[in-house]
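First up is the structure itself, then whatever we jot down about it.
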Amino acid sequence: MAFLRGLVRIIDAINEHVGRATAWLMVLMVLIAFVVVLLRYVYGLGWVALQESFVWLHGTVFMMGAAYTLLHDGHVRVDVFYRPASARTKAMINLLGTLFLMLPMILVVLYYSQGFVIRSWERFEASSEAGGLPGLFLLKTVIPIFCVLMLLQGISLIGRSLLVLKGDMRYASSQDESHEVA
């Protein structure tokens, strides 16, 4: 159990740091959006690379922040059955959902994205738009990084679920106020 607790803490710390760093990209994204709007509506100018950087930054923030969101129970789910459930039932739902839905889906995305990323790096892919971003191959690398972070957080979620099922309620869902044992 000590190994499992340590593994959960390490993985959670990694995704906590990545998530907090990614949050700062939101500030950059807002500034870029402001500049795009200012250039377009005040000066009548457009800059393709700036507009593309906003779109790619949005995708980067989403992917790099996904594991952080999962860590803090901020992901979207239907709470009709989940919210009123006991901590142990939630742990079982999380365990089964992670093992049979999340991890296989992430592994499929990782498997199929590798070829696209490798080909993108082989030709140093750039935007097809005139004046677009030159380093799309770097941005596409975020996809497998997203997958690795989600796989790690999935392992942490499995560990947390097993710890709760063994009776350690410190690892219960953050949305579970009662921490009752069913």
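- Between Tyr111 and Val108, the closest side-chain pair of non-hydrogen atoms is not below 4.5 Å.
- Interatomic distance, CZ of Arg160 versus CG of Asp168, reported as 10.0 Å (0.5 Å rounding).
- No donor-acceptor pair closer than 3.5 Å links the side chain of Ser120 to the backbone N or O of Phe116.
- Between Met102 and Ile106 there is a side-chain heavy-atom pair separated by less than 4.5 Å.
- Contact of the Leu136 side chain with the Phe124 side chain is not registered, since no non-hydrogen atoms from C-beta on lie closer than 4.5 Å.
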Checking side chain to side chain contact (heavy atoms under 4.5 Å, CB included) for the pair Glu16/His72: CA distance, chi angles, key distance, verdict?
CA-CA 9 Å; Glu16 182 73 30; His72 290 284; 2.6 Å; yes

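- Once rounded to the nearest 0.5 Å, the distance linking CG of Asn94 with NZ of Lys90 reads 9.0 Å.
- Remark: the backbone N or O of Gly132 is not paired with any side-chain donor or acceptor of Glu52 at under 3.5 angstrom.
- Counting heavy atoms from C-beta on, the side chains of Val35 and Ile32 never come closer than 4.5 Å.
- For the pair Leu45 and Arg40, the minimum side-chain heavy-atom distance is 4.5 Å or more.
- When the side chains of ILVMFWY residues are joined at heavy-atom separations under 4.5 Å, either directly or via intervening members, Met1 and Leu7 end up in two distinct hydrophobic clusters.
- Put simply, the side chain of Lys166 does not reach to within 4.5 Å of the side chain of Leu4, judged on heavy atoms.
- Between the CZ atom in Arg170 and the CG atom in Leu163 there is a gap of 8.5 Å [rounded to 0.5 Å].
- The distance from the CG atom of Leu162 to the CZ atom of Arg5 is 11.5 Å, given to the nearest 0.5 Å.
- Looking only at distances, a side-chain donor or acceptor of Arg88 sits under 3.5 Å from a matching main-chain atom of Leu165.
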List the atom pairs, with distances to 0.1 Å, where a side-chain N or O of residues 55-71 and a protein N or O form a donor-acceptor pair under 3.5 Å, not counting sequence neighbours.
residue : atom : partner : partner atom : Å
Thr60   : OG1  : Trp56   : O            : 2.8
Thr69   : OG1  : Gly65   : O            : 2.8

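- The closest side-chain donor-acceptor pair between Ser156 and Asp12 falls under 3.5 angstrom.
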Walk me through whether Trp121 and Val117 qualify under side chain to side chain contact (heavy atoms under 4.5 Å, CB included).
CA-CA 6 Å; Trp121 272 86; Val117 174; 3.7 Å; yes

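- Contact record, Ala87 with Val164: O-CG1, 3.7 Å, taken as the closest heavy-atom pair.
- With rounding to the nearest 0.5 Å, the separation of CG in Asn15 from CG in Leu152 is 6.5 Å.
- Taking the side chain as every heavy atom from C-beta outward, Gln153 and Leu149 never approach each other to under 4.5 Å.
- Between atom CG of residue Leu99 and atom CD1 of residue Ile155 there is a gap of 10.5 Å, rounded to the nearest 0.5 Å.
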